[in-house]
Novice: 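I'd like to ask some things about the structure below.
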Amino acid sequence: MVQLSKNDRILLRSLKRIKRGSAEALAKDTALRTEAVLQSAYLLQTNGLVHVEEDTHTSYELTEEGSTYAEKGLPERQVHDYLLINGPTPLSDLQGIFPAVQIAIGWLKRRGWAVIETVNGNSFLSPRPADELTEERVLQDAKVMKRFTLRDLSIKQQQAERILEELVKRNIVRIHKTPSHEITLTRAGDDAQLEILSSADRDIADLTSELIISGAWRGRLKPYDVNADTLTLYPGKAHPLRRLIDEMRDIFISMGFTEFKGPIVESEFHNFDVLFVPQDHPARDEQDTFYLSRPAALELPTELAARVAAAHISGCEGSLGWGGEFDLARSSRAVLRTHTTGSAFRFLVHHSDPPSMIFGIDRVFRRESMDSTHLPQFHQCEGTIHGEDLNLADLIGVLKTVFARLGFERVRFRPGYFPFTEPSLEGDIFVDGSWLELVGAGVFRPEVTQPLGLKSVLGFSIGIERIAMLKMGLTDIRKLYMSDIAWLRKIPSALR
Amino acid sequence: MPVVSLNCEDLQEMVGADIHTIIEMLPRLGADVGCVNDEIEVEFFPNRPDLFSVEGAARALRGMLGIETGLPIYTSGPSGIEIDVDPSVNLVRPYIVCAVVRGVTNDEKTIKSLIDLQEDLHWGVGRDRRKAAIGIHDLSHLSPPFRYTLGEVAFVPLDFSEVMTPAEILRVHPKGREYGHIVGERHPLILDTNDNVLSFPPIINGELTRVTEQTTDLFIDVTGLDMKAIQDCLHILVSALYDRGASVETVEVVYPDHDQVLSTPKMGNSTIGVTKGDIVRRVGAELTEETILGSLQKMRMEATVDAGRFTVSFPCYRTDIMHPVDIIEDVAIGFGYENILPSYPKLGTIGGRLEEARQSAVLRDVLQGLGFLEVITLMLASDPTQAVIIENPLLEEHISLRTSLLPGLIDTLALNQHREYPQMVYEVGDVVHLITNVAQESSVCAGVIASRTASFTEVKRVVSAVMREIGCIFEVTEASHPSFIEGRRATILVNGEAVGTFGEIDPDILTEHKLIYPVAAFEFRVEMSRS
């Protein structure tokens with residue numbers, strides 16, 4: 001028999017009456033705290049008696065600024081009303097009357113409510129007709145409510161969503177997201193309830209070892225409702241990004257590639273110089289690359305550095321090079337690697353006998369702030385092929401094979417640019433009616449390969465997150481690294 | 001990459017094709033086309049600044065579309081104008097090249113295109129004016145010869161009405177404040193014979209030589225730190241003006257120190273040699289000499305061929321060509337990447353994965369079998385202890401690389417406090433420790449259990465199961481740590497060496513993260529736990 005606490009019974013009794021309700025509603029009904037209701041609900045769920053559904057509830061409220069505007073009107077309305085009464089007014093006068101006149105003017109112009117006219121060198125703001133705005137209706141609706149939801153507004157929900165987004169940006173409305181829990185009594189809960197609450201003589205529900213041995217179960221086992229809901233069971237499993245990485249690893253190994261790994265803390269030399277990226281290239285700005293203060297510098301391989309420096313200054317056989325100067329102190333500065341291409345060449349320096357096909361899937365870093373399409377850190381899949389007389393056609397052939405294995409049949413290749421390859425290409429796949437760039441690739445320049453004593457080298461970098469988002473239908477890249485356990489539990493392992 | 005906006009009407013007119021044909025062709029030149037209205041936004045490659053204008057893009061498109069192929073011809077006669085370079089400028093901005101352009105039709109479109117191109121060159125080649133900066137002047141108000149020298153002559157800067165000294169400009173003028181750091185205390189000036197100031201490079205021009213719709217004759221200066229960069233800018237600019245129908249004249253730049261006179265711009269073609277064998281080997285398509293020649297002509301080049309050796313002539317604005325491979329790419333683009341038949345390299349290599357990846361896979365299997373859910377967290381962290389430190393971080397919580405996976409896992413639990421319990425999550429990933437100023441990267445495995453009953457005993461059972469599965473014999477010893485409850489934390493020892501830890505997390509830390517259930521955690525190094 002299930003062991004129920006006092007709280008559990010109170011909750012069950014309440015649910016027996018109202019069948020379903022939010023955690024807050026049930027807290028009110030049972031006079032328990034919301035946390036206590038949730039604690040009991042989750043426990044009852046493990047016994048299949050109730051079902052807990054998790055969701056997020058979004059509500060809005062006016063900011064202090066918003067409340068002022070609800071009373072007095074939006075800044076642009078205030079200025080417009082003033083202009084209607086006083087006629088065209090010099091900008092300089094308005095500044096004295098309305099402290100935030102600049103913001104108001106911006107909106108007046110955008111909405112076409114006023115124009116700036118210049119008379120005798122003075123700028124006047126002159127009013128134009130101004131209808132009531134949907135924003136203003138929202139403000140009037142909101143004025144009478146402390147907290148409100150989309151449904152509380154007198155305009156269409158879709159429109160309301162857009163308007164509220166705008167108002168949040170203007171700091172007129174504040175958004176609140178609170179988790180909500182809807183608790184429902186299951187059929188099993190409904191059936192089993194009386195039995196649990198009163199332990200009168202019933203048919204046997206749980207078959208025990210004693211019953212089996214004694215044979216006392218015969219004719220006494222209660223039939224179950226086979227349609228009854230059961231508790232959801234969550235297996236331990238791999239992260240979907242990991243499954244994609246593993247799948248790609250399998251593809252490359254099956255194609256004859258060997259896996260390599262290189263350091264995350266890298267010198268500018270290996271990250272940029274070896275790849276013939278000029279020392280004044282914008283990618284090397286503090287804007288785009290994370291530089292390190294600890295360790296600030298890494299030791300350089302002296303002899304190799306001299307050869308690479310020579311290629312930069314005066315080129316190699318048949319090349320002019322970048323000219324100018326080459327600063328070894330700059331080369332030794334430590335960075336978080338911005339790509340895995342440098343790591344591939346670190347490997348090739350020590351495994352310089354052709355042929356070889358290598359790949360690595362690892363983290364790279366860019367100095368980017370976080371939003372729905374950017375992260376300061378992401379994964380790159382690097383592939384490098386070293387042999388005699390490799391060419392652009394070979395590169396296209398390999399990439400077509402990789403994409404086909406990943407399930408992308410419709411692909412195109414077009415010219416690209418990287419300082420270290422020539423010819424360079426970019427590869428796109430066709431999804432949902434448009435081309436999506438997935439790979440940058442090329443035949444490495446002689447200025448890269450000759451100083452390292454290599455033959456011809458093909459290379460490509462594939463962005464992993466982009467493929468992951470595509471396959472998982474994600475619009476926010478952050479979801480991959482800030483794990484929502486409910487999402488991870490829900491997304492099927494079989495997803496391809 | 002540089003995004004250039006091109007006026008559609010102007011572009012259609014200069015190319016001689018409709019906008020749809022143009023938009024279809026642009027990706028085959030390697031350009032991304034953004035929004036299309038009256039203007040199209042095109043993202044060209046940074047190594048092709050010659051395409052950053054309507055004129056340059058039109059020139060290339062005419063070639064690709066077969067409207068006009070082969071080398072464009074540029075001629076220039078002498079202007080008879082000289083500019084003297086004073087040795088004093090060596091200290092701050094040693095190089096200058098100039099040109100005279102006459103017969104410019106300065107309508108709105110031309111002026112806009114010219115100013116856009118100037119700005120794009122300042123960014124793309126000039127590295128925000130430091131390496132190269134361009135000044136464009138109305139020649140009619142000036143009396144040559146000119147001088148390029150350090151000086152303090154006061155003048156009216158562009159967009160101002162009062163006379164200012166260079167030092168005042170650096171203090172007061174918006175451009176002075178923005179670019180003053182490039183010159184510092186030394187102020188290079190370009191003056192005419194009457195000491196009129198044309199320009200205070202790379203900061204601002206004089207109001208005197210402002211270009212208006214009435215201007216027909218231009219004087220152009222490019223100053224900078226790198227002779228190739230300033231010549232590149234000049235060549236790209238005058239080629240564009242030439243394409244608009246203007247005529248170009250050379251200026252004699254007299255460098256006293258080097259005892260040389262440079263006549264600029266040098267609008268002649270350059271040549272480079274490349275063999276048919278090299279082209280076919282690198283592209284991987286069976287190209288005939290005729291196809292190669294045709295492709296080069298589409299890319300606005302010309303070549304002669306003798307026994308499989310091409311001598312390729314390319315125009316002065318093609319500043320990107322430094323090696324025969326740069327020509328080979330142009331052949332491939334002219335031929336069309338879509339016409340290259342894919343092949344597959346016949347190397348016969350055998351694939352294989354890293355030992356480290358195999359070990360991680362075993363650990364992941366075992367933990368998932370025990371019911372743990374895998375998460376992946378960012379490597380950037382906020383704790384500087386024993387860590388690699390970023391010099392230019394963007395966020396306070398991302399100042400270092402992580403030295404442990406546990407903070408990321410606790411953060412994950414905090415994010416999920418409203419999700420169903422029990423929660424068991426794990427991560428196998430890299431951490432980086434700074435040991436005697438050297439970054440040591442290693443792979444670690446960590447997990448957390450959050451539930452009403454999570455305990456030291458439960459996590460010890462997990463650690464024991466994992467170690468048994470990977471065939472690792474371990475011992476434990478009690479050890480305290482501020483993140484764990486005193487007396488409920490153990491160090492994992494393998495062959496006497498500490499490789500990890502497990503225990504119950506300190507409730508103060510849980511409260512900090514608004515967690516209300518007990519959390520037990522473990523972490524150990526992957527390679528050290530191998531037996």
Side-chain angles (χ1 to χ4, degrees), chain A residues 42 54 179 236-239 241-242 249 253-254 256-259 261 263-265 280 286 290-295 318-320 323-324 355-357 363 367 369 376-377 385 387 389-394 396-398 400 413-417 422-423 425 443 445-446 481-483 485-486 488, chain B residues 27-28 30 45 47 127 226 228 281-285 322-326 329 332-333 337 340-345 347 349-354 357 364 367-368 370-380 388-392 394 398 412 415-416 418-421 423 432 434 437 439 441:
Chain A
Y42 278 125
E54 296 166 351
K237 59 181 177 179
H239 191 281
L241 183 63
R242 174 76 60 202
R249 177 182 279 122
I253 291 171
S254 76
F257 284 77
T258 296
E259 191 173 11
K261 191 174 170 70
I264 289 163
V265 174
D280 68 351
E286 303 249 331
F290 282 124
Y291 285 85
L292 301 179
S293 52
R294 225 173 60 184
S319 168
L320 301 172
S356 68
M357 296 172 90
R363 302 195 193 218
R367 193 167 175 274
S369 47
Q377 171 243 280
I385 307 173
D389 296 336
L390 298 172
N391 57 49
L392 197 57
D394 291 333
I396 293 173
V398 169
K400 267 188 104 101
F413 299 97
R414 57 193 170 84
Y417 171 73
E422 193 83 14
L425 68 79
V443 186
R445 299 187 66 99
Y481 292 93
M482 306 194 174
S483 294
I485 290 180
L488 289 177
Chain B
R28 292 177 54 195
F45 297 136
N47 67 327
R127 302 281 187 257
D226 181 292
K228 175 166 170 19
R281 259 195 300 281
R282 209 167 176 88
V283 177
M322 66 164 84
H323 188 281
V325 293
D326 298 303
E329 181 178 69
I333 294 172
Y337 280 24
I340 298 170
L341 238 58
S343 54
Y344 197 89
L347 300 179
T349 57
I350 293 165
R353 74 171 153 181
L354 284 172
R364 282 161 40 209
L367 283 163
Q368 282 157 206
L370 290 168
F372 281 80
L373 187 63
E374 186 183 25
V375 295
I376 297 179
T377 62
L378 293 174
M379 277 194 78
L380 297 169
V388 164
I389 306 288
I390 296 169
E391 184 187 284
N392 54 341
L394 267 179
H398 289 166
T412 302
L415 276 175
N416 287 282
H418 299 294
R419 299 307 184 197
E420 193 178 331
Y421 284 90
Q423 296 176 0
V432 188
L434 193 76
N437 210 34
E441 297 177 21

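Chain letters run A, B, ... following the sequence lines, proteins first and then strands; every chain starts at 1.
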Novice: Ignoring hydrogens and geometry, is there a side-chain-to-backbone donor-acceptor pair from Gln377(A) to Met379(B) under 3.5 Å?
Specialist: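 A pair under 3.5 Å: yes.
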Novice: Name the member of Gly324(A), Gly323(A), Pro263(A), Ser254(A) that forms the most heavy-atom pairs with chain B at distances under 4.5 Å.
Specialist: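 Ranked by heavy-atom pairs under 4.5 Å with chain B, first place is Pro263(A).
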Novice: Quick check on the interface: out of Ile333(B), Thr412(B), Asp326(B), who has the most heavy-atom pairs with chain A under 4.5 Å?
Specialist: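 Top option by heavy-atom pairs under 4.5 Å: Asp326(B).
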Novice: Rounded to the nearest 0.5 Å, what's the gap from CG on Leu390(A) to CZ on Arg282(B)? Could you check?
Specialist: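 One gets 10.0 Å once the value is rounded to the nearest 0.5 Å.
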Novice: Do Ile390(B) and Leu292(A) have side-chain heavy atoms sitting under 4.5 Å apart?
Specialist: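 They are in contact (side-chain heavy atoms under 4.5 Å apart), so the answer is yes.
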Novice: Should Phe413(A) and Pro342(B) count as side-chain neighbours, where that means a heavy-atom distance under 4.5 Å?
Specialist: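 Result no, sub-4.5 Å side-chain heavy-atom pair not found.
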Novice: Taking every heavy-atom pair that is under 4.5 Å apart, which of Ile385(A), Asp280(A), Val265(A) has the most such pairs with chain B?
Specialist: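 Of the candidates given, the most pairs with chain B belong to Asp280(A).
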Novice: Identify, with sequence neighbours excluded, every residue that meets ring pair (Phe, Tyr, Trp, His ring centres under 6.0 Å) alongside Tyr421(B).
Specialist: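 With sequence neighbours excluded, Tyr421(B) shows a ring pair (Phe, Tyr, Trp, His ring centres under 6.0 Å) to Tyr517(B), given in chain and number order.
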Novice: Select one option (side chain, backbone, both, neither) describing which atoms of Phe290(A) are under 4.5 Å from chain B's heavy atoms.
Specialist: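 When you check distances to chain B, atoms from both the backbone and side chain of Phe290(A) fall under 4.5 Å.
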Novice: At a heavy-atom separation under 4.5 Å, does Leu373(B) approach chain A through its side chain, its backbone, both, or neither?
Specialist: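 Both parts, heavy atoms under 4.5 Å.
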Novice: If you round to the nearest 0.5 Å, how far is CG of Leu347(B) from CG of Asp394(A)?
Specialist: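 Going from CG on Asp394(A) over to CG on Leu347(B), the span is 8.0 Å.
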Novice: Can you tell me which portion of Arg249(A) sits under 4.5 Å from chain B's heavy atoms? Options are side chain, backbone, both or neither.
Specialist: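 The answer is the side chain of Arg249(A).
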Novice: Please rank Gly30(B), Ala285(B), Ser343(B) by heavy-atom pairs under 4.5 Å with chain A and give me the top one.
Specialist: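 Heavy-atom pairs under 4.5 Å are most numerous for Ser343(B).
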Novice: Only one of Ile376(B), Val375(B), Thr377(B) forms a side chain to side chain contact (heavy atoms under 4.5 Å, CB included) with Tyr481(A), so which one is it?
Specialist: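 Going through Ile376(B), Val375(B), Thr377(B) one by one, the side chain to side chain contact (heavy atoms under 4.5 Å, CB included) with Tyr481(A) is satisfied by Ile376(B) alone.
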Novice: Among Gly387(A), Gly256(A), Gly416(A), Ser369(A), who wins on heavy-atom pairs under 4.5 Å with chain B?
Specialist: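 Going by pairs under 4.5 Å, I would pick Gly256(A).
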Novice: Could you check whether any side-chain heavy atom of Glu54(A) comes within less than 4.5 Å of a side-chain heavy atom of Glu420(B), counting everything from C-beta outward?
Specialist: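 When only atoms from C-beta onward are counted, Glu420(B) and Glu54(A) do touch, with a gap below 4.5 Å.
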Novice: Given heavy-atom pairs under 4.5 angstrom as the criterion, report whether the side chain, backbone, both or neither of Lys400(A) touches chain B.
Specialist: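 Answer is side chain: those atoms of Lys400(A) sit under 4.5 Å from chain B.
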Novice: So what's closer than 4.5 Å to chain B heavy atoms on Ser356(A): side chain, backbone, both or neither?
Specialist: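 Contact with chain B involves the backbone of Ser356(A) alone.
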Novice: Is Gln423(B) in contact with chain A via its backbone, its side chain, both, or neither, using a 4.5 Å heavy-atom distance?
Specialist: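 Contact with chain A is through both the backbone and side chain of Gln423(B).
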Novice: How about Pro376(A) and Leu380(B): do any of their side-chain heavy atoms sit closer than 4.5 Å?
Specialist: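 Side chain of Pro376(A) against side chain of Leu380(B), heavy atoms only: contact under 4.5 Å found.
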Novice: Under a 4.5 Å cutoff for heavy-atom pairs, which residue among Ile396(A), Ile264(A), Asp389(A), Leu488(A) has the most contacts with chain B?
Specialist: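 Most heavy-atom pairs under 4.5 Å with chain B: Ile264(A).
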Novice: Evaluate the side-chain proximity of Pro415(A) to Glu329(B): yes if any heavy-atom separation is below 4.5 Å, no if none is.
Specialist: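 Heavy-atom side-chain distance check fails, nothing below 4.5 Å.
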Novice: Select one option (side chain, backbone, both, neither) describing which atoms of Phe372(B) are under 4.5 Å from chain A's heavy atoms.
Specialist: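 Only the backbone of Phe372(B) comes within 4.5 Å of chain A.
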Novice: Quick one: are Thr349(B) and Thr258(A) in side-chain contact, heavy atoms under 4.5 Å?
Specialist: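 When only atoms from C-beta onward are counted, Thr258(A) and Thr349(B) do not touch, as no gap falls below 4.5 Å.
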Novice: Identify which part of Ile350(B) has an atom lying under 4.5 Å from any heavy atom of chain A, answering side chain, backbone, both or neither.
Specialist: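 The backbone, not the side chain.
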Novice: Identify the two heavy atoms, one from Tyr344(B) and one from Met357(A), that lie closest to each other, and give their separation to 0.1 Å.
Specialist: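 Result for this residue pair: OH-CE, 4.1 Å.
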Novice: Under 4.5 Å heavy-atom distance to chain B, tell me which part of Arg445(A) shows up: side chain, backbone, both or neither.
Specialist: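 Both the backbone and the side chain of Arg445(A) come within 4.5 Å of chain B.
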Novice: So which of Ala486(A), Pro355(A), Gly236(A), Ala238(A) has the largest heavy-atom pair count under 4.5 angstrom toward chain B?
Specialist: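 Maximum pair count with chain B is reached by Gly236(A).
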Novice: Quick check: do Met482(A) and Leu378(B) have side-chain heavy atoms less than 4.5 Å from each other?
Specialist: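 In short, these two side chains touch, coming nearer than 4.5 Å.
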Novice: Hey, what do you get for CE (Met322(B)) to CD (Glu422(A)), rounding to the nearest 0.5 Å?
Specialist: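 Met322(B) CE to Glu422(A) CD: 9.0 Å, rounded to 0.5 Å.
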Novice: Out of Leu415(B), Ile340(B), Asn47(B), which one racks up the most heavy-atom pairs below 4.5 Å with chain A?
Specialist: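 Top option by heavy-atom pairs under 4.5 Å: Asn47(B).
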Novice: Please find the pair of heavy atoms, one from Leu354(B) and one from Glu259(A), that lie closest to each other, and give the distance.
Specialist: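 Scanning both residues completely, I find the closest heavy atoms to be N-OE1, 3.0 Å.
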Novice: Which atoms of Pro295(A) come close to chain B, meaning under 4.5 Å heavy atom to heavy atom: side chain ones, backbone ones, both, or neither?
Specialist: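 Interface part for Pro295(A): both.
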Novice: Check whether any side-chain heavy atom of Arg294(A) lies under 4.5 Å from a side-chain heavy atom of Asn437(B), and answer yes or no.
Specialist: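 SC-SC contact between Arg294(A) and Asn437(B) confirmed.
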Novice: Mind ranking Val388(B), Asp226(B), Leu341(B) by heavy-atom pairs under 4.5 Å with chain A and telling me who comes out on top?
Specialist: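 Between Val388(B), Asp226(B), Leu341(B), the count favours Val388(B).
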Novice: Taking Arg28(B), Arg353(B), His418(B), His398(B) one by one, which has the highest count of heavy-atom pairs under 4.5 Å against chain A?
Specialist: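 Of the options given, most contacts go to His418(B).
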Novice: Mind listing the closest non-hydrogen atom pair of Glu286(A) and Glu391(B) along with its distance?
Specialist: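 In terms of heavy atoms, the two residues are closest at OE2-OE2, 3.5 Å.
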Novice: Who pairs with Phe257(A) by ring pair (Phe, Tyr, Trp, His ring centres under 6.0 Å), at least two apart in sequence or on another chain?
Specialist: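 Counting only residues at least two positions away or on another chain, Phe257(A) forms a ring pair (Phe, Tyr, Trp, His ring centres under 6.0 Å) with Phe252(A).
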